[in-house]
Every structure is written in structure tokens, then in C-alpha cells.
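First the structure, in the form of C-alpha cells, and then the observations on it.
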Amino acid sequence: MADSETGTSVDFVRAMIAEDIRTGKNDGRVHTRFPPEPNGYLHIGHAKAFSLNFSIAAEHGGLCNLRFDDTNPLAEDVEYVDSIMEDIRWLGYDWGDRLYYASDYFDQLYELALQLIREGKAFVCDLTSDEVRHYRGTITEPGRNSPYRDRTIEENVDLFDRMRAGEFDNGRRTLRARIDMASPNMNLRDPVMYRILHAAHHRTGSKWCIYPTYDWTHGQSDSIEGVTHSICSIEFEDHRPLYDWYLDELGIYHPRQIEFARLYLSGTVLSKRRLLQLVNEGHVTGWDDARMPTLSGLRRRGYTPASIREFLKRVGVAKTESVIDMALLEHCLREDLNRVAPRVMAVLKPLRVVIDNYPDDKVEMFSAANNPEDPGAGSRELPFSKVVYVERDDFLEDPPRKFFRLAPGREVRLKHAYLVTCESVVKDEATGEVTELRCTYDPESRGGEAPDGRKVRGTLHWVSVGHAVPAEVRLFDHLLLPDDGEGKKGFMELLNPESLSVLTGCMVEPSLCDAKPGRTYQFLRRGYFCIDSVDSQAGALVFNRAVSLRDTWARISKAQAGK
RNA sequence: UGGGGAGUCGUCUAGUGGUAGGACAGCGGACUCUGGAUCCGCCGGCGGGGGUUCGAAUCCUCCCUCCCCAACCA
């Protein structure tokens, strides 16, 4: 869809709304809403929905409401209400003073139901849920009318009143719309509007023992709030005729429902039911486990609101069911963090390096830029001494081609410090494991510059042993393994047993000593790491790897191994 | 099988009768005190068959594939 004014293209939802404005519908007003049920934590799929709703309203100077669709007290909880509000705000959206609950409308909904009953368009049905199912027919066969379908209006009003008064047990009766039991659309086969549920509601307490269903609630709530465009996900497409039916029969303000495709992400699952299962069965530590695609999980992992917003923008909005490659989300995070994350040195798997010709007790301070992408980020001082840690992976006794790091006789640069050459290797006599490297440094290379201009390809990160701060580092992999066959394996079989690996004894530079939880850094040459907001403490730092850096060497060595 | 939706590079997504473009991924190169970043390049697609037209991803038609619906969940 090309926008003639800007030359940029817009998605079909925005195009429809633009058309409504052009034709003068709703006096050009745009009012949307995000209607989550508080029965779980929000994930990135929900973020697609609410960012769409909030953004579209904002683009037209309109408003977007937050409305909790709390019509099923059995599934809902205030814990979820709170987390949902926190997550929406975190992503940067604001519903102002328009916080609503479907339960706020229970009285109005009851009156509207009475209106339908009085017009002969709804009836109290005594069929059990099993019987209702049988009477409904199947996908290919029409249903049959309920024997209670033709009760008098007086009887319906009386029975409905008594349902509300609590005279009947759970499931004993329902209020149903009187539409068409032969409709090819199952949603129109006399759908249930109210069920009896003697259960406490997290907001209305025990005031009600009948609860309206989603279909009976949604359109009327939209109408009451003056919502112009009710944007929802595509599985509600064949509910739209029912949405429209209620509004038309009631003769009240009629918003327009528009459906778009939900978001799916490779390597994870975006279904509340399954996420809840992961939590309940202990496959993750909670809704905010850093491996979870929930907003609280992504936040804990180190994802930034900006990166998620950019991701959603790039993903677009359409009606095609699509699975987005997780690599795109990761790309958006790197892109954002590259701009804003302070650089820092941390050695994940330490190997001692002794610089033999460096004075024993000397400590030098080197200035290090906090972010080469952002001169305004300033610099910090790094202590250097005779014994430092480098990454174990940065040394190979017998290096392959194109390996630019440390090896016997090789010279590399210790970032910001000196050029050092590996002179010998110390090993554990019993195991043969390399325990220490003995090196010499070039005193003329202070700051890392070769005095004679000689080229040194390898630059390593390091931490001075005497100044290093120990830390735990958690690395994450996808929750789900790639689905090899054509979805032959079940969800549980695809769970990645190695989605979490914990590294202890990592050594980070001293400037991180009093870093605050939730802050994200780039560990030079390693990736972006966020201080865990739950488990990290001063003196016992815990970092989560949000995403690795692009690793060209990993690709080269993999290709070499393949030969 | 009835109804409702959807099919464009590996993955997303533009396109609305006039040269199929972009992003991510992949591959190659330049540059680099992060094998990062940046820059340049390459790769690769209209589900299929008919038809209309000077011309079709786009219009018509038949077919194929995938998703959703038979909760008193949302």
C-alpha cells in the first residue's frame, strides 16, 4: 500500500483506517483498545498487538484504551493485571486515564441482555454443556434447535433474573442468543451469552454468579468505550459476524473489527497455554526466565524497548500466517545495543598469562573508550599488571590457518595495553591441560600501538588478575530445537535441554564492581550482557547474555572443520 | 467434508495491468586496536494449469497446499 504523500507503504490495517477517515466515518476519529485477558504474562506476540493499537491511535491523534477482558474469573488474577500494565509501560506506551475492565460493564451488559430477551432474540436454555454440543451439530451438519428456544419472553426474563440471583448451580442453565442453528458459521448457532459460575472474581468479588462470554462482552465493551477500530488477531475473523450481529440487534454504536495475523517466532513458543506449562512444570524458572519470549523475560535477558519496537516495525502487519526468524529479533537488539551499550572487558573462561619481563608490583592505568560508536560516552581507567587473564579460546597450541590469536611464538595485542608474545606454555603434568602462558611484552607498545608500525592482527580482551571481579555468567540458547520433520515432534520433545548454561568463575573488569541490576554492557568480543535483576548482588554479580556478537571466526573455523 | 482466511527469494515484507524492490539470514570483499561495528558486492522468489490482454504477481477460471472454527475459554 503506497502512501502518496510520503512514498512509504503502510500495512492493510492502516490503509483501511485511512480509508475510513477519508470517507468521513466516525468524524475522522480513531480510537483503539488493547484488551488482554489477565490470565498470563504478555509475550512479544501481544506486543505486536498492543504496539499496533497504540501506534495507530497516536498516528491519527487518537486514543488507545487498556481494557482487561476479565470475564472468566477461573483463569484470571491480579498478578497478571499488574504485570501486563508494567510490560506495556516498559515498551513505552501509555493509556493515560483510560484503564478499563470488562467487568466494569457487567451491569450494562446485563441490561443489554435483557433488551435482547425482551425482543425475543435471546433465551434461557436448560441444556447441559454436553447436550448443547450435540445440538450444535458439526462442521458439516446443521445443528438442531434447543427445546427451550421458544420459551416466552416472560419466562426468559424470570429465569435469567433467577440465574443472576444464584438460584441455580454451575452449568445448570445458560442464556443464549437466538440466531441460526443451521448457520455454516458455528459461532452463529445460538451462542452462549451467559454461563453460571459461582466463583469469586478478582474485581467484582461475589457480586455475580453469572458471567458473560467473550463474544457477548467484546463488541459491547468496544461500543461503550466509543472505540472506532477494534483490531484483533485473525482467529476472531469468523467471530466478526457475531460481533456485528449483537451490535446491530442492539442498535448501539458499531465499531469496526479488523483482524491481522499473529506473530510466531522461530525457536520458541508464543502460546499462553504452553508458556504456562513451561512455568508450571519447572522447565523454566518463571514467566520472567530470561529464555522466555515474555516481555518480562526479554527485559530480564537484556532486550531494550527500542529493539523490540524496531523489530515489530520490521515484521510488519499482514494477514498471512508467518514465522519470523529469531535472527531478526537478535539483529534488532545488536543494532540498538551497539549504539548504546558501554564496552567493558570480561573473561568468561579465564587462562592466566604471566608477563615475565613486566615489573612484579607495577600497576599501570590505561584509558579505554566506553563506546567507540558514541564519543560522548567517555572513557574509564583500566588497571594492568604482570598477571592477567585472557580467554582460554584465545590460545591454541597448534593453531589452524587464519587463527589470529595467541599461540606459541605469536604476538598479539592486549586491547588498550601492550603487545605481548607467547614464549612458553605451562601445563598440568597429570592432565596435560594448559594452566598458564608465559609471555613477554614490548615496553614500546604502550597503549597497544606498535612502535615500528608492524601489523598485529589479533587483539584480545583481558582482565588484570589482581583487580578482577569474579562473576557468574548465564548463556542462553533457544527454548526449542528446530523442528526437523514436518511438525512430527511434539512441543515437549522439541524442548532444548541445553537452553541454559551457567559459567562460574568468570572474571570481569573492576569498573563493573558496583554496576546496577538491569544494566547491559558489551563484553568486548563476546556479546551483550545484562546484570540479572533478580539474582545478581554486589559481590556476587550475575550476568545474562542477551545476545552474542556476530562471530565471523566461528563461521570460519566451522567451515575449516567441515573440509 | 461446511464456513472463514492465506499462498511473492531460506525467512519476513512491498507491489493494486507496464523493468518483481527492501530487510534478515547466507556467501564474498574492503576497512578495523572488538574476527564487533561500518562500507561494497553476490545469491535467491510470484503454489500449479488454463484464459483475458500489446502486456498479468496483479483480472477471470479450475486445481493444489496451509491455517482457523464443532468451550458454558479468550
Regarding A:Phe403, tell me which of base, sugar-phosphate or nothing describes its non-hydrogen contacts under 4.0 Å with the strands shown. base
So, using ring-ring contact (aromatic ring centres under 6.0 Å, His included) as the criterion, who are the partners of A:His461 when residues are at least two apart? none
Matching residue for A:Phe529 among A:Leu512, A:Leu348, A:Val344 - test: side chain to side chain contact (heavy atoms under 4.5 Å, CB included): A:Leu348
Let me know the distance between CG of A:Asp374 and C1' of B:U38, rounded to the nearest Å. 16 Å
Quick check: closest heavy atoms across A:Tyr211 and A:Leu197, and the distance to 0.1 Å? CE1-O, 3.3 Å
Where RNA chain B forms runs of at least three Watson-Crick or G-U pairs (i with j, i+1 with j-1, under 3.5 Å), the stems are B:2-7 with B:64-69, B:10-13 with B:21-24, B:26-30 with B:38-42, B:47-51 with B:59-63
Ring centroid separation A:His218 to A:Tyr214 under 6.0 Å: yes
Using the C1' atoms only, state how far B:G51 lies from B:G17, rounded to an integer number of Å. 15 Å
Polar side chain donor-acceptor pair, A:Gln560 to A:Ser557, under 3.5 angstrom: no
A:Asp215 and A:His239: side-chain donor and acceptor closer than 3.5 Å? yes
Return whichever of A:Val317 or A:Gly458 has its heavy-atom-nearest nucleotide of RNA chain B closer to the 5' end. A:Val317
Can you check the distance between B:U58 and B:C68, where both ends of the measurement are the C1' atom (answer in whole Å)? 26 Å
Taking only N and O in the side chain of A:Arg550, is any of them less than 4.0 Å away from OP1 or OP2 of B:A37? yes
NZ/NE/NH1/NH2 to OD/OE distance under 4.0 Å, A:Arg149 and A:Asp190: yes
Base, sugar-phosphate, or nothing for A:His416, non-hydrogen atoms under 4.0 angstrom? base
Nearest 0.5 Å, what's the SG-CG distance between A:Cys439 and A:Leu419? 11.5 Å
Hey, is the side chain of A:Arg405 pairing donor to acceptor with the base of B:G35 inside 3.5 Å? yes
Value in whole Å for how far the C1' atom of B:G35 lies from CG of A:Leu524: 12 Å
Assign B:A14 to syn or anti; the rule is syn for a glycosidic angle within 90° of 0 and anti otherwise. anti
Between protein and nucleotides 68-74 of chain B, map the contacts as a letter string: B base, S sugar-phosphate only, - none, heavy atoms under 4.0 Å, written 5' to 3'. BBBSBSB
So what does A:Thr140 hit on the nucleic acid, given a heavy-atom distance under 4.0 Å: a base, only sugar-phosphate, or nothing? base
Between A:Glu235 and A:Arg262, does a salt bridge (charged side-chain N to carboxylate O under 4.0 Å, His left out) hold up when you go through it step by step? CA-CA 9 Å; A:Glu235 68 273 22; A:Arg262 318 163 52 131; 2.9 Å; yes
Need one value for A:Lys402: base, sugar-phosphate or nothing, where a base atom within 4.0 Å counts as base even if backbone is also close, heavy atoms only. base
Integer angstrom distance from the C1' of B:C60 to that of B:C67: 26 Å
Would you measure the distance from the C1' atom in B:U8 across to the matching atom in B:G45 and give it in whole Å? 6 Å
Would you measure the distance from the P atom in B:U16 across to the matching atom in B:A57 and give it in whole Å? 12 Å
Under 4.0 Å, counting only non-hydrogen atoms across every strand here, what does A:Leu460 touch: a base, just sugar-phosphate, or nothing? nothing
Please report the C-alpha distance between A:Asp126 and A:Arg151 in whole Å, then the side-chain angles of each, then the deciding distance to 0.1 Å, and finally whether the salt bridge (charged side-chain N to carboxylate O under 4.0 Å, His left out) criterion is met. CA-CA 11 Å; A:Asp126 297 2; A:Arg151 287 218 247 234; 2.3 Å; yes
Roughly how many Å apart are B:G22 and B:C9, using the P atom of each and rounding to a whole number? 15 Å
With rounding to the closest Å, how many angstrom separate the C1' atoms on B:G18 and B:A56? 10 Å
Hits for ring-ring contact (aromatic ring centres under 6.0 Å, His included) against A:Tyr101, two or more places apart or cross-chain, chain-then-number order -> A:Phe68
Whole-Å distance between B:C67 C1' and A:Glu259 CD? 14 Å
May I ask you to decide whether A:Glu335 forms a salt bridge with A:Arg314, counting only side-chain N to carboxylate O separations under 4.0 Å? yes
Which nucleotide in the set B:G2, B:G5, B:U34 lies at the smallest distance from any side-chain heavy atom of A:Lys319? B:G5
With distance as the sole criterion, do the side chain of A:Glu373 and the base of B:U38 form a donor-acceptor contact below 3.5 Å? no
Of the residues in residues 322-335 of chain A, which ones touch RNA chain B at a heavy-atom distance under 4.0 Å? A:Ser322, A:Val323, A:Ile324, A:Asp325, A:Ala327, A:Leu328, A:His331
Work out how far the C1' atom of B:G44 is from that of B:U13, and round it to whole angstrom. 15 Å
Is there a residue in residues 261-271 of chain A whose heavy atoms reach under 4.0 Å of RNA chain B, and which residues are they? none
Is the shortest distance from a Lys or Arg side-chain nitrogen in A:Glu259 or A:Arg240 to a carboxylate oxygen in the other one below 4.0 Å? yes
Any base atoms under 4.0 Å from A:Arg176, or only sugar-phosphate, or nothing? Heavy atoms, all strands. nothing
If you take all heavy atoms of A:Ala450 and A:Arg454, which pair is closest and at what distance? CB-O, 3.4 Å
Over-ring placement of A:Arg545 relative to A:Tyr528, 6.0 Å and 45° cut-offs: no
Please classify the nucleic acid contact of A:Gly448 as base, sugar-phosphate, or nothing, using heavy-atom distances under 4.0 Å. base
Drop me the distance from A:Leu460's CG to A:Met345's CE, to the nearest 0.5 angstrom. 10.0 Å
Counting only side-chain nitrogens and oxygens, does A:Thr459 get under 4.0 Å of the OP1 or OP2 atom of B:U34? no
